[in-house]
Amino acid sequence: MNLMNWSAIYPELVLLTMACVVAMVDLWVTSPKRTLTYLLTQLTLLVVAGMHLSYVGLQGGDYAMLRMVVSDSFGHLLAACAAIAVMITLVYGRGYAGVRDMLKGEYFTLSLFSLLGINVMVSANNFLVVYLGLELMSLSLYALTALRRDHAQSTEAAMKYFVLGALASGFLLYGLSMMYGATGSLDIVEVFASVSGVNAPNAAVLALGIVFIVAGLAFKLGAVPFHMWVPDVYHGAPTAVTLLIGGAPKLAAFAITFRLLVEGLYGLAGDWQQMMILLAVGSMLLGNLVAIAQTNLKRMLAYSTIGNVGFMLLGFTPGVVAGNNISAFNGHSSALFYVLTYVLTTLGTFGMVMLLSRRGFEADQIDDFKGLAKRSPWFAAVMLAFMFSLAGLPPTVGFWAKFSVLQAVVSTNQPSYIVLGVVAVLLSLIGAYYYLRLVKVMYFDEPVDTAPLSGTWDMRLVLSLNGVAVLALGIFPNWLMQWCTMAVKTALEHR
């Protein structure tokens, strides 16, 4: 067997090389629009996404780097979607960053390094590799949050993000170290074999370790009660950076949650499943209730993120106690489908905020969207699709995302899970209020701002395609669902 298997990490090698090349090339770029840097970055992301997609159909998993890295459809699907998400983010953010003195080489280079961290995380088969990828992504995002050095709000957000992010990393690292002490291995597959037949003396150590691991993962996901950084960072960071934080990194957080809990610590599911239920219900409750009181759109979307993370975490709960592997498998597949579609919708919502923003004006208040249907009927319809998708209303893809998670929960036929599904539906109805409030503002209020919408032609085109994709996947969701099912199946086959 080829213990190194360099071919399994070709996309990461290309991404690392090009991130360095982009950083060097930008030193000679004098154009304020950074056209060469931008095009080179987008070409890199396109190539990396294509390489990952070409691996998605792999049967089973292939190991590399002394079994510290796994190459499977699950990791490649998430990595490809993350690269596409960063591509879209840079299209949306280029004009926004340009008028705020943020369009520098660091913006593109750090975006590529954050994606490299994501790639490392989604393909990790070793605790140390998980942590290295997490820190590479996190440090890049901390720096990006503080990119506007003369902006006090951004600097404050960066400090909060850094301090709380470091705390979360410490929790996760401490939990992983306890797992290593109890099992004697850092390899996720070997840990799975160890905890499945753990002896009594190690049970207490493993139980304590799982608490720290789940707490660290909840911090990175932004789940209650570890959510305190989300609204402040979303609000304080420049919107172009907020989208970098709220988009692709959500895929990485989902990936390490799956790798650690499902692939590595499934033998302790009776412990972490209870915590997941509490995190899910708490996140849906607080996120949806507090979002109602928000007048700032970015803060509203931050609390919306917390609520949606709670809904996604429901996919990790079915079938674990009942021992029904089919229900558990359906839950994991639906959670993957949910996070992919949520990121797609999030890209569009923050893209609309940047479309309405201009030099000296941040369109981050709900009132800034008043009368948008009269100013631009097409983009009002696009935003309508995004809001309907976040609310889980047909015919958008958000409806199928919520439906698939609820179906996985209820199909266990356990009374406790049925109650959990009913609670999720009721909290989603509460959440629909603040999404529909924005629709009401766009279509029934008089515009307070009559300035023409900003945005380059490529931003308008991609934003329109983003809205069409939300509707198209709502009408034809099967192919993406099948990809998610296949990806989870291949990930579990090599466990």
Side-chain angles (χ1 to χ4, degrees), residues 2 5-16 18 42-65 67-88 112 115-125 129-130 133 188-189 247-259 262-263 312 315 329-344 347 397 400-401 404 465-466 469 472-473 476-495:
N2 184 357
N5 192 10
W6 291 94
S7 62
I9 61 168
Y10 279 163
E12 286 74 25
L13 294 176
V14 170
L15 185 56
L16 173 61
M18 291 307 299
Q42 292 288 45
L43 179 62
T44 300
L45 293 170
L46 182 63
V47 170
V48 169
M51 294 177 71
H52 281 296
L53 286 175
S54 69
Y55 290 147
V56 166
L58 291 176
Q59 297 298 318
D62 193 14
Y63 294 99
M65 304 294 108
R67 293 183 62 87
M68 291 192 293
V69 173
V70 60
S71 174
D72 59 10
S73 294
F74 177 83
H76 288 300
L77 177 61
L78 283 170
C81 291
I84 295 171
V86 175
M87 285 180 65
I88 295 173
L112 291 176
L115 179 62
L116 179 60
I118 292 170
N119 281 13
V120 172
M121 291 164 69
V122 301
S123 61
N125 189 50
V129 176
V130 169
I188 290 178
V189 176
K250 286 290 182 287
L251 302 177
F254 173 85
I256 60 171
T257 302
F258 183 87
R259 296 287 193 198
V262 178
E263 291 190 20
M312 182 269 291
F329 175 78
N330 290 338
H332 303 147
S333 302
S334 64
L336 176 57
F337 181 75
Y338 193 99
V339 74
L340 290 177
T341 56
Y342 170 72
V343 169
L344 174 67
L347 292 171
V397 69
W400 291 108
S404 62
L465 293 175
N466 197 338
L473 285 173
F476 306 104
N478 287 340
W479 68 270
L480 183 57
M481 286 182 174
Q482 290 171 358
W483 274 26
C484 293
T485 301
M486 178 266 297
V488 171
K489 181 180 178 181
T490 56
L492 296 178
E493 282 176 349
H494 63 76
R495 184 175 61 185

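Side-chain atoms are counted along with the backbone in the values below, which use heavy atoms only and exclude waters and symmetry mates.
With contacts defined as side-chain heavy-atom distances shorter than 4.5 Å, the pair Leu112/Leu45 qualifies. Considering only heavy atoms from C-beta on, Val129 stays 4.5 Å or farther from Met65 through its side chain. Annotation: side chain of Val56 is in contact with side chain of Met486 (closest heavy-atom distance under 4.5 Å). Met481 is not listed as a side-chain neighbour of Ser333, based on a closest heavy-atom distance of 4.5 Å or more.
One distance of note links CG of Leu480 with CG of Leu336; it measures 8.0 Å at 0.5 Å rounding. Atom CG of Leu15 and atom CG of Leu116 lie 5.0 Å apart (nearest 0.5 Å). Within the model, atoms CE of Met51 and CD of Glu12 stand 8.5 Å from one another, a figure rounded to the nearest 0.5 Å. Between the CG atom of Leu344 and the CG atom of Asn466 there is a distance of 5.0 Å, given to the nearest 0.5 Å. Note that OG of Ser71 and OH of Tyr63 are 11.0 Å apart. Values are rounded to the nearest 0.5 Å. Taking CG from Leu347 and CE from Met87, the interatomic distance works out to 12.0 Å, rounded to the nearest 0.5 Å.
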Given Trp400 and Leu473, is the side chain to side chain contact (heavy atoms under 4.5 Å, CB included) satisfied, shown in steps? CA-CA 9 Å; Trp400 291 108; Leu473 285 173; over 6 Å; no
Is there a side chain to side chain contact (heavy atoms under 4.5 Å, CB included) between Phe254 and Tyr342 once you walk through the steps? CA-CA 12 Å; Phe254 173 85; Tyr342 170 72; over 6 Å; no
Using side chain to side chain contact (heavy atoms under 4.5 Å, CB included), reason through Thr485 and Phe329 one step at a time and then give a plain yes or no. CA-CA 8 Å; Thr485 301; Phe329 175 78; 3.5 Å; yes
Side chain to side chain contact (heavy atoms under 4.5 Å, CB included) for Asn125 and Val189? Distances and angles first, verdict last. CA-CA 7 Å; Asn125 189 50; Val189 176; 3.6 Å; yes
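Between His332 and Phe258, the ring planes lie perpendicular to each other; the angle is over 60°, past the 30° to 60° tilted range. Using cut-offs of 30° and 60° on the angle between ring planes, the pair Trp479 and Trp483 is perpendicular.
Residues Ala79 and Asn119 come closest through the heavy atom pair CB-OD1, 3.6 Å. Heavy-atom minimum distance, Ala49 versus Ala83: CB-CB, 3.9 Å. Pairing each heavy atom of Ala80 with each of His52, the nearest pair is CB-CB, 3.7 Å. Minimum interatomic distance between Ala487 and Phe74 (heavy atoms only, all atoms of both residues): O-CB, 3.4 Å. Contact detail for Met121 and Gly133: the closest heavy-atom pair is CG-C, 3.4 Å. Contact record, Ala335 with Gly315: CB-CA, 4.0 Å, taken as the closest heavy-atom pair.
Exactly one of Leu340, Leu53, Val343, Ile118 qualifies for a side-chain contact (heavy atoms from CB on, under 4.5 Å) with Cys81. That residue is Leu340.
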